[in-house]
J.: 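Sharing a structure with you now.
The structure displayed is predicted, hence computed values, not measured ones.
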Amino acid sequence: MKIFQPNWVHHDEKSIFSIDIHPSGERFATGGQGCDSGRVVIWNMAPVLSEQAEANKSVPRVLCQMDNHLACVNCVRWSGNGLMLASGGDDKLVMIWKKTLSGSGGGIGAFGGGGGKSVEHWRCISTLRGHAGDVLDLAWSPQDRWIASCSVDNTIIVWDAQQFPKIVHVLKGHTGLVKGVTWDPVGKFVASQSDDRSLKVWKTTDWSCFKTITEPFEECGGTTHILRLSWSPDGQYLVSAHAMNGGGPTAQIIERDGWKCDKDFVGHRKAVTCVRFHNSILKRSAPKTNKLQQYCCLAVGARDRSLSIWLTALQRPLVVIHDLFQDSILDLSWSCDGYTLLTCSGDGHIACLQFTAQELGTPLSEEDKNILYQRMYGKNANIDLTAQAEKEMIVENSDFLNVSKSNPLPPTLIPQQQQPQLGGMRQDGAGKVVQPASQPTVAIKSSSSLAAPTPILKQIETKTADGKRRITPMFIPLNDDNGPAGSHATNNIMPSSIEFGSKSSETSTVEIKQRAHEEPTIIPPPAERATGEPTSKLDNRLKKMATAPPQKAEPMTVPTDQQQQQQQQQLSAPSSTIQPAANQKLMDRTRQPATYPTGKATVIQGHSFKAFGEVRVQIQNNTVKTTYGTLSRVVGVVVTAQRVERKLWETVVGSPIVCFAVGAKYAIVCSQDHTIRMVDIKTGTPVFPVLSLTSPAVLSAFSSNSQLAGVVTESGILRIWSVPEKAVLLSTSCAEIMSGSFVTIFHVSDKGMPFIVLSNGSSYSYCRKLDSWMLINSSDPVIRHGLIGNKTNAPVRNIKTYPLSTIQSYGSFSGPKTNSFAELHSASWQTFAAIAFIENQIKICEMIASPAELKYWYSMLGFQLALNGSEEKIRQVLDDLLGASHNSLDTCRTLAGDDADDRSVLGISKQLLMEDVLNHLKTQTKWQRIYTEYLDQLKFLKERDGGGGGSGRDKPLME
């Protein structure tokens with residue numbers, strides 16, 4: 001063994017914190033402090049190893065000097081192929097250097113150097129920014145797929161070495177400065193050591209923390225600048241820096257088999273700062289038995305300025321060198337041939353140790369190494385770790401055995417069992433029926449496909465050559481079927497400028513036979529009618545004029561279960577249009593061509609009526625002439641089963657009527673003179689005194705339960721009243737969001753939540769709790785991307801069950817053309833945009849009290865996280881769904897009320913939402929650890945709570 005210190009290797013008498021030998025053995029790099037910045041120097045190895053080369057002045061010593069770092073360089077590391085050099089320093093940066101052909105002939109100044117001549121030219125090809133503090137250590141993975149950096153910001157960042165500066169993952173978990181990082185040569189783990197008195201082992205398959213070791217470090221203090229740990233080349237041993245045993249400093253040996261910590265390297269008087277394994281597995285014959293031994297070699301440096309060399313085949317060190325430097329040993333590096341060791345110190349010097357084959361042994365050949373790896377790990381030593389990571393991942397949970405490897409499909413808003421199957425109809429990716437846009441639209445509602453068999457309801461529509469249509473009634477029985485409650489699907493597809501008009505809930509299907517080669521137009525939406533009151537006799541007298549163009553409808557609402565007094569209608573043979581069908585609850589018809597919204601109050605022309613059940617309210621403006629002025633008539637009529645109209649009441653209004661709405665019990669009439677009248681639909685008796693606002697109303701609407709009524713005026717004033725309580729529920733203004741546009745669609749929910757759509761396509765809902773407008777839809781890129789990517793822009797028109805999706809479907813914004821869901825999430829920004837959009841949808845659903853959509857968007861969040869989410873985000877979502885039951889079990893038992901609130905959202909158990917998210921994680925093997933961890937916690941909570949968790953369902957825990 002030879003030891004010598006080349007005094008010409010220095011950083012102008014400044015500290016050298018790191019040293020690393022190039023894989024070729026022809027050069028080495030040092031990193032440390034420069035004159036006024038961090039310094040990286042690439043040196044020629046020949047003058048270090050040979051006295052003749054050192055004496056020959058024609059042999060260059062400094063190959064290149066780079067002073068680009070703004071602060072001290074703490075670590076330099078060559079890539080395994082030797083093409084790149086990485087450096088990290090106190091300026092929070094990691095720089096990647098690569099040699100360029102220019103300057104290789106000599107005489108070129110150093111790139112960023114101090115003004116001297118450089119033989120080689122190394123250029124910074126990438127600067128990695130991600131740490132919030134000093135970078136202390138670096139490590140390249142096997143096959144140079146990744147590079148890991150650790151920092152005083154308590155994190156380890158794994159960078160993609162093939163796509164700099166892409167971050168693969170940020171490993172978080174340490175609570176102290178992370179001062180060392182190293183890769184498992186097999187490629188399954190990366191290890192880190194920190195001042196928080198712990199060593200963590202992370203899995204490279206999903207970047208989760210696999211093991212945390214603390215026992216050997218409990219007595220340690222943060223007294224070392226770095227903690228460079230190292231993994232043995234056979235992967236069987238991980239040796240840490242700075243550990244303690246019986247009050248004395250040691251280098252702890254951690255065995256891969258069970259992660260046992262019962263051995264260590266002892267003898268140093270002060271804390272161990274760095275350890276470095278020899279790059280190769282060594283072999284030699286045992287001195288006494290001549291039996292072949294295979295072992296590893298390790299160098300250990302410490303703050304006591306001493307260096308020790310160990311062989312795993314010996315119980316004592318091979319050699320110990322005391323007082324090698326005047327300061328702590330900070331880094332070590334072995335040459336590829338295995339017989340040269342370089343070390344550096346904080347005193348600004350380096351030392352070189354040269355060994356012989358008789359002292360250390362000879363390295364195993366690649367063939368022998370592969371045999372060893374096959375025996376230990378069942379794979380080749382040089383296998384591509386990244387390409388095979390997913391394939392080689394061991395399935396540890398049986399739930400993942402039957403997971404399909406095909407592309408997972410996103411969840412659908414309307415469950416598949418509710419969607420009728422239609423022969424000959426084209427469907428889009430979300431399972432919704434698509435019709436030609438150029439055809440007139442007929443909104444029809446079919447009976448539930450889940451209900452008991454009922455007579456087939458069918459009509460035949462024929463179109464003649466002159467464009468007229470004829471309806472031939474086939475068979476229309478009385479409505480006697482009752483479907484599940486709360487599922488009024490009304491996919492009324494209409495031109496974007498048409499409002500919520502003609503919101504019928506008809507049960508008949510239409511079969512259209514067209515002539516002159518015209519394509520049929522059929523829109524049968526999914527439907528489940530709620531259980532309602534017995535239906536009345538048929539009303540066949542509500543007709544639509546054959547010559548009328550598509551009508552502009554006033555904003556309408558979908559009635560509730562109590563309003564299901566629905567009438568089936570017979571169709572008159574000569575009628576030229578489709579008549580209102582069986583479950584008609586709300587109809588509006590005008591005798592004159594409709595006008596599209598302009599934001600101004602427009603007097604209703606001619607005769608107009610709207611019906612609810614058997615009762616209709618008719619409007620006739622300017623029909624009564626008096627000496628005081630012209631009056632308008634408002635008449636209440638009931639239509640009997642024999643098609644006989646019987647007047648219930650009549651009243652007059654002193655100003656032309658501009659809009660009106662009809663509910664189950666009340667009607668609201670708005671006049672041009674800014675007045676508003678609320679009357680009883682059966683008697684015409686005023687419910688309120690005549691109200692007056694600052695401008696005439698342009699839109700009016702009832703909630704689906706008819707308990708609430710609202711208006712929007714020309715100036716944007718919005719009022720919502722509770723009619724039974726005769727009190728205002730909401731008084732606000734739309735002016736702050738209108739910005740030159742006007743309201744075209746207005747709806748009031750049963751909770752008193754207004755929904756409006758503006759002429760510019762944007763839509764909003766007002767939250768009284770937040771005293772602000774919530775943005776539902778706009779031209780915002782995140783919203784556009786989210787609606788297109790999650791297919792919610794398909795026209796789901798069921799304002800009662802799916803209010804958010806219904807309002808969002810009334811937008812005039814377009815998105816990019818794409819062929820698949822995956823194409824919408826190919827760029828890195830799209831993942832963040834998609835998750836941000838989905839989380840906002842969830843919060844809107846909570847505020848507007850839409851449980852069906854809340855469940856859908858939680859399911860969509862699970863789908864998105866399974867495909868593109870991070871472990872940190874997944875844990876955050878799952879922890880939130882576990883709620884207080886997870887965070888503090890005892891406290892939750894004592895606070896029963898708070899616990900009940902925390903266990904559900906809008907009446908849906910958080911455990912049920914968590915199951916949906918976990919079911920999506922189950923489609924990706926990389927999340928199996930998280931899946932198993934949270935599934936166990938969920939099972940515990942279900943057992944503790946009696947298996948219900950408040951969901952009221954007796955379904956298996958993970959179907």
Side-chain angles (χ1 to χ4, degrees), residues 169 205-208 390 393 395-417 429-431 785-787 789-792 805 820-826 830-843 845 851-883 886 905 908-939 941-942 949 951 953 955-959:
H169 205 81
T205 50
D206 58 6
W207 306 109
S208 62
E390 186 73 20
M393 186 178 294
V395 177
E396 302 171 352
N397 189 308
S398 59
D399 291 348
F400 287 76
L401 293 175
N402 298 323
V403 172
S404 173
K405 296 302 181 183
S406 60
N407 292 332
L409 297 176
T412 56
L413 179 59
I414 302 176
Q416 289 295 325
Q417 61 267 26
H785 173 262
L787 290 177
N790 294 291
K791 298 184 183 297
T792 58
S805 296
S820 69
F821 181 87
E823 290 181 19
L824 291 154
H825 302 279
S826 56
Q830 292 176 319
T831 297
F832 303 115
I835 293 177
F837 170 79
I838 294 172
E839 289 181 325
N840 185 63
Q841 294 283 94
I842 290 173
K843 293 306 176 183
C845 291
E853 291 177 298
L854 178 76
K855 190 174 185 299
Y856 164 75
W857 285 112
Y858 261 110
S859 183
M860 184 62 76
L861 179 62
F863 173 79
Q864 185 62 241
L865 290 175
L867 287 182
N868 306 302
S870 64
E871 179 182 349
E872 181 181 18
K873 187 63 181 179
I874 291 174
R875 289 186 178 274
Q876 174 193 327
V877 171
L878 294 176
D879 287 341
D880 178 68
L881 291 176
L882 282 175
H886 164 66
V905 183
I908 303 176
S909 168
K910 283 189 175 182
Q911 295 178 5
L912 183 62
L913 298 175
M914 185 173 176
E915 287 181 23
D916 284 344
V917 175
L918 289 176
N919 276 326
H920 286 291
L921 295 182
K922 195 168 63 174
T923 63
Q924 303 293 325
T925 312
K926 62 183 177 180
W927 304 126
Q928 59 179 324
R929 291 257 172 158
I930 295 180
Y931 171 85
T932 304
E933 174 187 341
Y934 282 90
L935 181 60
D936 290 343
Q937 297 183 61
L938 185 59
K939 287 180 178 178
L941 292 177
K942 280 184 170 286
S951 64
R953 299 192 177 193
K955 57 179 288 186
L957 185 58
M958 283 279 114
E959 295 182 348

J.: Kindly compute the distance separating CD (Gln841) from OG (Ser805), expressed to the nearest 0.5 Å.
T.: 7.0 Å
J.: Any side-chain to backbone donor/acceptor pair from Asn919 onto Glu915? Under 3.5 Å, distance only.
T.: yes
J.: Determine, stepwise, if the pair Leu921 / Leu878 fulfils side-chain contact (heavy atoms from CB on, under 4.5 Å).
T.: CA-CA 11 Å; Leu921 295 182; Leu878 294 176; 4.1 Å; yes
J.: Is the shortest side-chain heavy-atom distance between Tyr931 and Gln924 below 4.5 Å?
T.: no
J.: Can you check side-chain contact (heavy atoms from CB on, under 4.5 Å) on Ile908 and Tyr858, steps first, answer last?
T.: CA-CA 11 Å; Ile908 303 176; Tyr858 261 110; over 6 Å; no
J.: Could you grab the distance from atom CZ of Phe863 to atom CG of Asp916, nearest 0.5 Å is fine?
T.: 13.5 Å
J.: Taking the side chain from His920 and the backbone from Ser859, do they hold a donor-acceptor pair closer than 3.5 Å?
T.: yes
J.: Please identify each residue that fulfils side chain to side chain donor-acceptor pair (under 3.5 Å) with Glu839, with sequence neighbours left out.
T.: Lys873
J.: Flag the pair Lys855 / Leu912 as yes when at least one side-chain heavy-atom distance between them is below 4.5 Å, and no otherwise.
T.: yes
J.: Report the relative orientation of the aromatic rings in Trp207 and His169; use parallel for angles under 30°, tilted for 30 to 60°, perpendicular for over 60°.
T.: parallel
J.: Rounded to the nearest 0.5 Å, what's the gap from NZ on Lys843 to CG on Leu854? Could you check?
T.: 9.0 Å
J.: Provide the closest heavy-atom pair for Tyr934 versus Asp879 in the form atom of the first, atom of the second, distance.
T.: OH-OD1, 2.8 Å
J.: List the steps and the verdict of side-chain contact (heavy atoms from CB on, under 4.5 Å) for Leu935 and Lys939.
T.: CA-CA 6 Å; Leu935 181 60; Lys939 287 180 178 178; 3.9 Å; yes
J.: Quick one: CD on Gln911 to CG on Leu881, what's the gap to the nearest 0.5 Å?
T.: 10.0 Å
J.: What residues, two or more places apart in sequence or in another chain, satisfy side-chain contact (heavy atoms from CB on, under 4.5 Å) together with Glu872?
T.: Lys172, Ser870
J.: Can you check side-chain contact (heavy atoms from CB on, under 4.5 Å) on Phe837 and Leu787, steps first, answer last?
T.: CA-CA 9 Å; Phe837 170 79; Leu787 290 177; 3.6 Å; yes
J.: Using side-chain heavy atoms (C-beta onward) and a distance below 4.5 Å, is Val917 in contact with Leu861?
T.: no
J.: Could you grab the distance from atom CG of Leu867 to atom OG1 of Thr831, nearest 0.5 Å is fine?
T.: 9.0 Å
J.: Which pair of non-hydrogen atoms, one from Trp857 and one from Cys845, has the smallest distance, and what is that distance?
T.: CD1-SG, 3.8 Å
J.: Calculate, to the nearest 0.5 Å, the distance between atoms CD1 and CG belonging to Ile930 and Leu918 respectively.
T.: 10.0 Å
J.: Picking from Glu871, Glu933, Lys922, what satisfies side chain to side chain contact (heavy atoms under 4.5 Å, CB included) with Trp927?
T.: Glu871
